[in-house]
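No experiment lies behind these values; they were computed from the predicted model shown. Each chain gets a letter, A, B and so on, in the order the sequences are listed, and its residues count up from 1.
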Amino acid sequence: GAVVSQHPSRVICKSGTSVKIECRSLDFQATTMFWYRQFPKQSLMLMATSNEGSKATYEQGVEKDKFLINHASLTLSTLTVTSAHPEDSSFYICSGTVQETQYFGPGTRLLVL
Amino acid sequence: GQQLNQSPQSMFIQEGEDVSMNCTSSSIFNTWLWYKQDPGEGPVLLIALYKAGELTSNGRLTAQFGITRKDSFLNISASIPSDVGIYFCAGGTTSGTYKYIFGTGTRLKVLA
């Protein structure tokens with residue numbers, strides 16, 4: 001299977017600061033990557049589709065100005081949570097697709113104090 | 001956001017028993033994927049299904065793509081303690097960009 005990495009694995013930040021999460025495809029090129037958010041004991045909710053070289057597509061209800069996505073290369077997508085607040089604390093997971101199959105990164109746990 | 005109906009929500013089973021879970025939707029999907037997620041980790045792909053009616057096995061796991069393309073099931077035979085975790089189905093659809101909608105999850109606990 002394809003390998004996806006995320007960095008950092010966990011981060012704690014103060015309210016009002018911005019946090020950047022990186023998602024890398026290690027052994028394949030990903031023109032499209034996906035960002036999900038998962039709250040405790042809940043399923044994965046798609047936040048946005050990250051497209052290499054173009055703007056991301058956000059799901060309904062996800063603020064594009066708050067969750068900035070950049071997909072500058074075929075192996076790297078970044079998600080920046082701007083002006084983070086405690087309610088943004090969650091588990092953020094990215095994925096890349098190979099032949100219609102999604103492979104996930106290990107996730108990043110964000111805690112905003 | 002949209003989610004698929006997955007059942008059961010949770011289950012306790014004895015080690016050695018078989019387990020069955022399913023996912024249903026009102027929408028048609030082109031692919032179905034099944035994942036297992038351990039606490040604090042990303043989902044790991046178990047089985048991928050690409051064709052209606054397809055039945056695929058991966059060790060003790062067997063999954064089927066429903067003939068109507070609106071459902072899928074996963075069976076685990078002879079469960080072992082390490083099968084504990086949360087299992088998610090995901091239906092894949094192409095509407096411009098290919099993307100997946102996830103099920104609500106089945107939490108499995110195996111009693112030794």
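Note on A/I93 and A/V98: same hydrophobic cluster, where clusters join Ile, Leu, Val, Met, Phe, Trp and Tyr whose side-chain heavy atoms are under 4.5 Å apart, directly or indirectly. When the side chains of ILVMFWY residues are joined at heavy-atom separations under 4.5 Å, either directly or via intervening members, B/L4 and B/L108 end up in a single hydrophobic cluster. Hydrophobic clustering (ILVMFWY, side-chain heavy atoms < 4.5 Å, transitive): A/V81 and A/V11 are in one cluster. Put simply, A/M47 and A/V19 are part of the same group of oily side chains (I, L, V, M, F, W, Y) that touch within less than 4.5 Å, one to the next. The same ILVMFWY cluster, assembled from side-chain heavy atoms under 4.5 Å apart, contains both B/V110 and B/L61.
Under the 3.5 Å distance criterion, the side-chain polar atoms of A/S43 are left unmatched by any main-chain donor or acceptor of B/G105.
Taking a 6.0 Å sphere around CZ of B/R60, one finds it holds more than 12 heavy atoms contributed by other residues, nucleotides or ligands. Shown here is A/E87, whose CD atom has more than 12 heavy atoms of other residues, nucleotides or ligands within 6.0 Å. Other residues, nucleotides and ligands contribute at most 12 non-hydrogen atoms within 6.0 Å of the NE2 atom of A/H7. Remark: B/K51 NZ is loosely packed, at most 12 non-hydrogen atoms of other residues, nucleotides or ligands lying under 6.0 Å away.
Using a 4.5 Å cut-off between heavy atoms, A/Q6 does not touch chain B at all. In this structure, the portions of A/E100 lying under 4.5 Å from any heavy atom of chain B include both its backbone and its side chain.
Taking CZ from B/F102 and CG from A/L46, the interatomic distance works out to 9.0 Å, rounded to the nearest 0.5 Å. Between the OG1 atom in A/T101 and the CG atom in B/L49 there is a gap of 9.5 Å [rounded to 0.5 Å].
The contact list for residues 18-48 of chain B toward chain A, using heavy atoms and a distance under 4.5 Å, reads B/T31, B/L33, B/Y35, B/Q37, B/G40, B/E41, B/G42, B/P43, B/L45, B/A48 by residue number. When the heavy atoms of residues 64-90 of chain B are compared with those of chain A, the residues falling under 4.5 Å are B/F88, listed by number.
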Walk me through it: do A/E59 and B/K99 pass the test side chain to side chain contact (heavy atoms under 4.5 Å, CB included)?
CA-CA 11 Å; A/E59 295 300 301; B/K99 66 179 183 181; 2.9 Å; yes

